Amino acid sequence: MMNKLQKASYQTMWGERGKGIAAKLLHVAVFCFVLLYRAAAQGDFTSIDCGSTVNYTDSLGIEWVSDGNYVSTGQNAVIDMKQANVGATDALNKNALQTLRYIPGPAGKHCYDIRLVANKMFLVRVAFLGGNFTSGSSAVTSFSVSLGTAHWQDIQVSDPWTPIVREVTFYPQQAYWPICFQRGASGLPFVNSIEVRPLPLATYQVGLYDYILTKMFRIDCGVESGSTSSRYPDDPLDRIWAADLPGFSIPSFTNANAPTENLPFDTNEPPGFMLKSAWNASKIFFQWNMSSFPKGPSIDFRFYQFFFYFLEIADDLNSTGTRVLDLSIDGSLVDDSPITVMSNQTTVVFNVAYLGKDGLIHVSLVPSATSTFRVALLNGVEFHELQKYDMKVTTSPNAVTNIKAIKEKFNLSEWQGDPCLAWPYNWLKCSDSATSGSSVLDITALRLSGFNLSGKIPAEVASLTDLRNCKQLHQVCLKLCYEALDNNNFTGSIPDLSALTKLHTCEFHSLRLQNNSFSGPIPEFLSSLPLSVLTLDNNLFEGRLPAALQEKVDSGLLTLTAANNPFLCFGGNLCLQAQARPSPSTGNKRSRIVIIISSVAGGLVLLLPLLLVYWRSVESN
Ligand SMILES: *[C@@H]1O[C@H](CO)[C@@H](O)[C@H](O)[C@H]1NC(C)=O
Ligand SMILES: *[C@@H]1O[C@H](CO)[C@@H](O)[C@H](O)[C@H]1NC(C)=O
Ligand SMILES: *[C@@H]1O[C@H](CO)[C@@H](O)[C@H](O)[C@H]1NC(C)=O
Ligand SMILES: *[C@@H]1O[C@H](CO)[C@@H](O)[C@H](O)[C@H]1NC(C)=O
Ligand SMILES: *[C@@H]1O[C@H](CO)[C@@H](O)[C@H](O)[C@H]1NC(C)=O
Ligand SMILES: *[C@@H]1O[C@H](CO)[C@@H](O)[C@H](O)[C@H]1NC(C)=O
Ligand SMILES: *[C@@H]1O[C@H](CO)[C@@H](O)[C@H](O)[C@H]1NC(C)=O
């Protein structure tokens, strides 16, 4: 029976922690206390009109703001709303849809800096309408959206004139909850609006704290198909309640006078207007093709959560009669005990189920044998797709701190969001929790190719304080595996990085500094680094190689190339007088830096990259 099946699947999904709430999940709400209707204030809403330059209040009283304070990348575009298929029924704000922000250029991830309150429930709604922006550039636009550190949705825009709206409810465990857009196979990522709504803690979560729920549909049953959807201020939580879906032709009735306000409920705070209409038929049956709803990324088996709302609104039914219903999904009863529909409180039936083979969800609702009233009734229904959100996988706090410092140093503020999750910045490589076996991700490579880093390396980079902490903790902090600063425009001498020599080493080591304008002598400490390759070509180094380095070269331990350093006395170099050299070039060599670092023990992940990237001195600007 469905009952067992659901409990079993539930335990598979949620493990030990889930068991405690399994009973609650399979749930018919009956409460003996009255919860007051907590109206969320509009002031708690965040409504971002992406691509807009103005703030305004719409006809519903929702205050929209331009996105300038949330994002530092991208460009604005205006689309031709006359061609857009945005009906009155959608309850979407056309003004907000009319502008979009898109992300040009090859860079990968771009983020909206969204701050939430940790350990509260939130609803986020994101809308995409490419219109003549996308139809002009690429037939199909594809990109991905992340929520916090989770890869949430892949967006495929094939009809540029019909909005795509994705809505999610979730429970963030930290306040910083960026929404990021990652470029896909074709076209440029864009977004028209982002709406964030706080929810009372009892809504939707039902114990699924590490799941995100993407709305598939939310129907205010009994509102004629084609009618306008309802939202704020009718629903203080600003959920959008659709009228009956076109495919569902189920008899219905409305009782505008039904006393639906301030009713007790245990979850989801159903709004009064939604309860005033209902489907009613001796058998309520509908099916929904879940396969037609885009599957969230990395979902193998599709699970969904449903909510059914019941309130007796028929005037001709009173305490002498009963309406008791059997609810079945895919032929299995949802609960052992039938649902008693009451007129003095809202019953919310919810559970988790998984999708049958044919992709269809079949719902049937009939009066049970004990029901004196032989007509079934349903006031509202919601289905959401469940997606596991692995909150345990995080980026090492040190990595986050160091990357933040690097971004500040080099004015890379356009890279926002988590450095590694859901996707690494395209100039970083991060460890993979699956292969490393650690849920804490480290930065393993830093690749600032083409970032125009130039100038002198400030002396203080050699004395970063983190190094000391690292030694005290006896951690194996950092391995220097490969580093390259070649094809850049660095000038000045290499500072003393000898402190690094005390750190652990790895199998392959090279230092590539070619194609820069480094000057000064080759520093002694390089001989104590575990290098097997040192590439110094095309620079302005001067003088002789340190004896220890020369020894390593002579004994075959080190491969050193240093062509075209006219003042360096090494190999076939000319070894001119350094005094005669011209001032360092500030030419336009291609910038290219590849620094690859691997670290262990979650320690000072980014110490060396920090050192190496520090090199863009203020003096060069
Ligand atoms: C789309 O068309 C409208 C109306 O013609 C125009 O104002 C707007 O600039 C166009 N947008 C783009 C991105 O081409
Ligand atoms: C639906 O409800 C209305 C009002 O209670 C009732 O008159 C009607 O008979 C019901 N329809 C069906 C099909 O039971
Ligand atoms: C459900 O939708 C999928 C994808 O749109 C489609 O391939 C499939 O045929 C549909 N199934 C039914 C039974 O309509
Ligand atoms: C129940 O409704 C019927 C028909 O409207 C009415 O005759 C009867 O008095 C009502 N009973 C009670 C207890 O309200
Ligand atoms: C609702 O009505 C039933 C039956 O009259 C009663 O037993 C129950 O206590 C009432 N519930 C509330 C919350 O008033
Ligand atoms: C590098 O800087 C030069 C001069 O400031 C600029 O023209 C060029 O576009 C920059 N290149 C990149 C990739 O940012
Ligand atoms: C150095 O720069 C030149 C000119 O841009 C380029 O052709 C060459 O490949 C670079 N050499 C190395 C080793 O990167």
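The first residue of the sequence shown is numbered 1, and numbering continues consecutively from there. Everything numeric in this text was worked out from a predicted model, so none of it was measured. Read the numbers this way: they start at 1 and go in the same order the structure lists the ligands and their atoms.
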Short side-chain donor-acceptor distance under 3.5 Å, Asn76 and Thr53: no
Glu385/Arg166 ion pair, N-O < 4.0 Å: no
Ion pair Glu167/Arg218, N-O distance below 4.0 Å: yes
Backbone or side-chain N or O of Val78 under 3.5 Å from ligand 1 N or O: yes
Contacts table for ligand 3: protein N or O within a distance under 3.5 Å of ligand N or O, distances only.
from, atom 1, to, atom 2, distance (Å)
ligand 3, 2 (O), Asn289, OD1, 3.2
ligand 3, 2 (O), Asn289, ND2, 2.3
ligand 3, 11 (N), Asn289, ND2, 2.9
ligand 3, 14 (O), Asn289, ND2, 3.3

Over-ring placement of Arg197 relative to Phe45, 6.0 Å and 45° cut-offs: yes
Plane angle bin for Tyr102 and Phe133 - parallel if under 30°, tilted between 30 and 60°, otherwise perpendicular: tilted
Within the 6.0 Å centroid threshold, strictly below: Tyr304 and His384: no
